[in-house]
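Working notes, beginning with the structure itself.
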Amino acid sequence: MSQTGPHVAIIGAGIVGVSTAIWALRDGFSVTLIDRADPGEGTSFGNAGLLASSAIVPVTVPGLLAKAPRMALHPGTPLFLNWSYLPRLAPWLWRYLKHANARDATARAQAILPLIGDSLADHQALAEGTGAEDWIVPCDYLAGYSSRAAYEADGFAWDLRRELGFDVKLLEADAIKDYDPALGPAIGCVACLDGHGRIVDPGQYVKDLAQHTQKQGAGFVKAEVEAVLSEKSHVRGLRAGGEVLDCDKVVITAGVWSRTLAKELGLTVPLAPESGFHLELLEPSVTPRAPMMVADGKFVITPMQGRLRLAGMVGYLGLRAEAPKAPYQLMERHVRQVLPGLTWNDTRRWIGHRPAITDSCPLIGEIPGLRSAFVGFGHDHVGLTAGPRTGQILAQLMAGRRPNIDLTPFAPDRFENAS
């Protein structure tokens with residue numbers, strides 16, 4: 001593949017960075033990926049593996065303000081706090097909770113739909129010819145509730161999905177058993193959406209995509225990026241691991257760790273690390289037909305290669321706190337009810353950090369005032385889902401083309417004059 005175009009340095013080798021690298025290579029750019037860890041080692045490794053095109057509704061739905069205090073104090077709910085971290089989190093949390101209303105939730109859903117609504121096709125287009133195609137499996141996506149009343153309590157979210165074009169099929173009683181005999185009586189109502197997908201090994205998927213970039217001539221530097229170098233408001237290179245790398249363009253796609261670099265380049269971003277957890281059950285005796293969100297636990301059960309991954313929930317613990325036992329205990333308790341008779345041979349636990357921005361929309365675009373510096377981070381709960389489309393948009397912007405999506409809600413400088 002010819003790479004005679006400008007040299008692009010992409011900081012962050014998760015799904016967004018690797019996707020950007022692939023689309024930039026296809027546009028003829030010369031590419032170097034830089035990360036302090038190997039590709040696919042962070043949140044791109046530990047997510048639920050779901051291509052959640054219907055995940056347009058943010059966490060900040062109407063009614064959250066009334067529920068949040070009880071959830072924070074009750075040990076049986078899927079919200080976990082490090083109370084010593086709360087004073088540092090409070091300014092961000094206040095701005096975040098101000099969006100818990102119908103107007104803002106609807107605006108976020110409308111904005112993000114073009115970014116994630118065709119996620120399965122976006123991943124298939126990204127992975128075509130890379131050797132990573134086999135990790136992608138088309139599937140339905142389920143949301144399992146204890147009862148019809150519990151489903152109806154989430155009516156705002158489901159009504160909004162229907163308004164924006166999603167076909168939601170409800171299953172109850174015998175219809176649930178007909179769909180998947182593995183599901184137990186703890187699930188009394190299921191919302192079923194087709195046209196989704198799952199990645200059966202997210203970490204290896206990203207590694208295979210990254211390996212493809214290197215086969216196509218991209219470089220990879222394993223180092224901490226210390227600074228982006230510029231001259232006369234134009235990117236000239238960066239310093240990583242004590243070495244200077246010359247480049248014509250820089251893209252910051254480092255997830256929750258993007259905030260510090262962005263600040264050095266003049267962007268103040270209201271971003272907080274939101275912890276997520278996964279518990280893997282190795283060699284399970286039961287494999288459900290499709291990924292399912294367990295509504296009471298706010299986590300997804302996803303069939304993966306040789307295991308079930310239970311992933312999700314929300315924690316505000318800070319970047320350095322150890323994972324509490326409670327999220328994993330809660331997931332195990334729920335999965336035993338959802339899949340009666342399930343056994344497994346071993347477990348693995350993981351904690352990671354989602355880059356959560358107060359309005360639940362990522363930053364995508366060129367940094368105003370600094371030519372050829374781009375950002376693509378802050379994807380909240382939909383990083384894997386949105387990765388390929390975000391990478392394609394960034395490559396188009398670098399090539400001087402206009403993407404067929406309204407990028408106003410994702411403007412990198414949209415918080416500059418916010419209170």
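Exactly one of Thr302, Ile15, Ile199, Leu384 qualifies for a side-chain contact (heavy atoms from CB on, under 4.5 Å) with Asn47. That residue is Leu384. Checked against Val294 for a side-chain contact (heavy atoms from CB on, under 4.5 Å), the options Val300, Val335, Ile301 give a single hit: Ile301. Tested against Thr390 for a side-chain contact (heavy atoms from CB on, under 4.5 Å), the candidates Ile364, Thr253, Thr385, Val382 yield a single pass: Ile364.
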Verdict with reasoning, Ser275 to Val314, per side-chain contact (heavy atoms from CB on, under 4.5 Å):
CA-CA 6 Å; Ser275 300; Val314 170; over 6 Å; no
Does the side-chain contact (heavy atoms from CB on, under 4.5 Å) test come out yes or no for Glu274 and Val256, once each step is laid out?
CA-CA 9 Å; Glu274 181 194 289; Val256 73; over 6 Å; no
Run the side-chain contact (heavy atoms from CB on, under 4.5 Å) test on Val190 and Tyr179 for me, step by step, so that the C-alpha distance in whole Å, both residues' side-chain angles and the decisive distance to 0.1 Å come before the verdict.
CA-CA 10 Å; Val190 170; Tyr179 181 89; over 6 Å; no
Apply side-chain contact (heavy atoms from CB on, under 4.5 Å) to Thr60 and Ser360, showing your working.
CA-CA 8 Å; Thr60 48; Ser360 301; 4.0 Å; yes
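Counting heavy atoms from C-beta on, the side chains of Leu238 and Ile34 come closer than 4.5 Å. Annotation: side chain of Leu282 is not in contact with side chain of Thr347 (no heavy-atom distance under 4.5 Å). Inter-residue side-chain proximity for Glu366 and Leu397 is flagged as unmet; no heavy-atom pair is nearer than 4.5 Å. Proximity of Phe166 to Ser53: side-chain heavy atoms (C-beta onward) are separated by under 4.5 Å at one or more points. Within the 4.5 Å cutoff, no side-chain heavy atoms of Trp344 are placed close to those of Leu308. Between Thr32 and Ile10 there is no side-chain heavy-atom pair separated by less than 4.5 Å. Counting only heavy atoms from C-beta outward, the side chains of Pro340 and Pro185 approach each other to under 4.5 Å. When side chains are defined from C-beta on, Leu33 does not count as touching Gln214, because their heavy atoms never get closer than 4.5 Å.
Separating the CG atom in Leu209 from the CD1 atom in Ile22 is a distance of 4.5 Å, to the nearest 0.5 Å. Atom CG of residue Leu64 and atom CG of residue Asn101 lie 11.0 Å apart, to the nearest 0.5 angstrom. Between the CG atom in Asp118 and the CG atom in Leu51 there is a gap of 12.0 Å [rounded to 0.5 Å]. Atom CZ in Arg289 sits 6.0 Å away from atom CG in Asp140 (nearest 0.5 Å). In this structure, the separation between CZ on Arg402 and CG on Leu407 is 9.0 Å, given to the nearest 0.5 Å. Taking CD1 from Ile393 and CZ from Phe374, the interatomic distance works out to 13.0 Å, rounded to the nearest 0.5 Å.
Looking at residues two or more places apart in sequence or on another chain, you find no side chain to side chain donor-acceptor pair (under 3.5 Å) involving Arg259.
Salt-bridge annotation for Arg307 and Asp201: present, with a side-chain N of the basic residue lying under 4.0 Å from a carboxylate O of the acidic one. Comment: Arg108 does not engage Asp359 in a salt bridge, judged by the lack of any side-chain N to carboxylate O separation of less than 4.0 angstrom.
Side-chain atoms of Arg389 never come within 3.5 Å of backbone atoms of Asp122 as a donor-acceptor pair (strictly under, hydrogens ignored). The main-chain N or O of Gly131 is never found under 3.5 Å from a side-chain atom of Asp134 such that the two would form a donor-acceptor pair. A donor-acceptor pair under 3.5 Å links the side-chain atoms of Asp180 to the main chain of Ala182, judged by distance alone. Put simply, the side chain of Lys298 never gets that close to the backbone of Met313: no donor and acceptor are under 3.5 Å apart. Listed for the Lys263 side chain is no donor-acceptor partner under 3.5 Å among the backbone atoms of Leu267. A donor-acceptor pair is defined here as one N or O able to donate and one able to accept, closer than 3.5 Å; such a pair exists between the side chain of His196 and the backbone of Asp194. Using modelled atom types, no side-chain atom of Glu128 and backbone atom of Glu133 make a donor-acceptor pair closer than 3.5 Å. Looking only at distances, no side-chain donor or acceptor of Thr43 sits under 3.5 Å from a matching main-chain atom of Gly352.
Pairing each heavy atom of Ala290 with each of Leu142, the nearest pair is CB-CG, 4.3 Å. Between Ala24 and Met398, the shortest heavy-atom contact is CB-CE, 4.3 Å. Among all heavy-atom pairs drawn from Arg198 and Cys139, the shortest one is N-SG, 3.8 Å. Annotation for Ala132 and Asp208: closest pair CB-CB, 3.9 Å, computed over non-hydrogen atoms. Closest approach of Phe29 and Ala395 over heavy atoms only: CE1-O, 4.2 Å. Pairing each heavy atom of Ala186 with each of Val338, the nearest pair is CB-N, 4.5 Å.
The ring pair (Phe, Tyr, Trp, His ring centres under 6.0 Å) analysis of residues 85-118, with sequence neighbours excluded, yields the pairs Trp92-Tyr96, Trp92-Tyr316. Annotation: ring pair (Phe, Tyr, Trp, His ring centres under 6.0 Å) contacts involving residues 387-408, sequence neighbours excluded, are absent. Contacts classified as ring pair (Phe, Tyr, Trp, His ring centres under 6.0 Å) and involving residues 109-140 (residues at least two apart or in different chains) are given here: His123-Tyr205. The list of side chain to side chain donor-acceptor pair (under 3.5 Å) pairs with a residue in residues 163-174, not counting sequence neighbours, reads Arg148-Glu172. Pairs of residues two or more places apart, or lying in two chains, that qualify as ring pair (Phe, Tyr, Trp, His ring centres under 6.0 Å) and include a residue from residues 277-296 are Phe45-His278, Phe80-Phe277, Phe277-Tyr328, His278-Trp350.
When the shell of 6.0 Å around CZ of Arg88 is examined, it contains 12 or fewer heavy atoms from other residues, nucleotides or ligands.
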